[in-house]
Amino acid sequence: MLEKINKAADFIRTKVDSVPEIGLILGTGLNSLAEMVRNAKSISYKDIPGMAVSTAPSHQGKFIFGKLANKSVVIMQGRLHYYEGYSMQEVTFPIRIMQALGVKTLLVTNAAGSLNEELQPGDIVLITDHINFTGNNPLIGKNYAELGERFPSMNEPYSKRLIGFCQEIAAENDFEVKKGIYTGLSGPSLETRAECNMLVFLGSDLVGMSTVPEVIVAIQSEMEVLGISVVTNLSNIFHNEAHSQEQIWENAEKARINLEKLILCLLKKI
Ligand code: HPA
């Protein structure tokens, strides 16, 4: 495992001069920030030794290295999902690569369904905590002390400091951000109404199929983490129609401008 990580990181170092401090994972419909990167150098996942390849629609499957808001960043344009059949270790391998490259802060975005009436399609929601309902954990298996704690604390997986910055930025720029608890499931089928009711009962505001594995590994890597969901749809408890992928895209687009502003301003403050 360690050798595999170092091999991938060494390969990247031969292609890229900049040393990224901040990692960004862009979720469904949130790819546009990647186009703003200066001195961009992109590397397809398929070219990186040991890395799996992203198959989800809209997930392009590449790292983009360069400067965004004057910070050295690495952007994951497209992530790997557990429902694609990858192991949890494969899903989180990019976070291990970021760790090896020296990334200290991880900003994660995702598309999520709302379980809370206050969170409407198009809303930007700062994740305050998560529930791992994937039935798995990326840290199961042999632990390498070099990578971090065997039992990392999940006391504050989502940085209160970064959440505070986001709230300030939203207030200064006159747009709204909300807060919520995200539950990560394996998918790919969406939740039934009974499952949605269970998730509400457990304290969830948002539901999705990503983020939790990456955040667990980032916390073990001692990164400071911010998670942002864009509400792309209401869950089944609020309506009786089937979800359409077009609607999900349209709602992600509604949040795009403010989300871009939020992330660019945040990068300046970190
Ligand atoms: N459920 C699970 N994952 C999702 C949803 C949802 O309603 N919306 C976007 N990703």
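With hydrophobic clusters built from ILVMFWY side chains whose heavy atoms lie under 4.5 angstrom apart, Phe175 does not share a cluster with Ile257.
Residues passing the side chain to side chain donor-acceptor pair (under 3.5 Å) test with Asn143, sequence neighbours excluded: Gln220. For Glu195, there are no salt bridge (Lys or Arg N to Asp or Glu O under 4.0 Å) partners, not counting sequence neighbours. Residues meeting the salt bridge (Lys or Arg N to Asp or Glu O under 4.0 Å) test with Asp10, sequence neighbours left out: Arg13.
Under a cut-off of 6.0 angstrom, the local environment of CD in Glu222 is sparse, with at most 12 non-hydrogen atoms contributed by other residues, nucleotides or ligands. Heavy atoms from other residues, nucleotides or ligands lying under 6.0 Å from CD of Glu172 number more than 12. The environment of CZ in Arg150 is crowded: more than 12 heavy-atom neighbours from other residues, nucleotides or ligands sit within 6.0 Å. In the displayed structure, Lys179 atom NZ is contacted under 6.0 Å by at most 12 heavy atoms of other residues, nucleotides or ligands.
Between the side chains of Tyr82 and Asn136, at least one donor-acceptor pair of N or O atoms lies under 3.5 Å. A donor and an acceptor atom, one from each side chain of Asn155 and Ser153, are nowhere located under 3.5 Å apart.
Rounding to the nearest 0.5 Å gives a distance of 5.0 Å between OG of Ser114 and CZ of Phe238.
Pairs engaging residues 108-128 under the salt bridge (Lys or Arg N to Asp or Glu O under 4.0 Å) rule: Asp123-Lys178 [sequence neighbours left out]. Within the structure, salt bridge (Lys or Arg N to Asp or Glu O under 4.0 Å) pairs that include any residue of residues 131-141 do not occur (at least two apart or interchain).
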Donor-acceptor pairs are to be reported for all side-chain atoms of residues 258-270 against protein atoms at under 3.5 Å, with residues two or more places apart or in another chain.
unit_1, atom_1, unit_2, atom_2, d
Glu260, OE2, Ser32, OG, 2.4
Glu260, OE2, Arg256, NH1, 2.9
Lys269, NZ, Glu168, OE1, 2.9

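A cation-pi contact, defined as under 6.0 Å to the ring centre and within 45° of the axis, is absent between Lys7 and Phe11. Seen from the ring of Phe93, Lys4 counts as a face-on cation partner, given the 6.0 Å and 45° thresholds.
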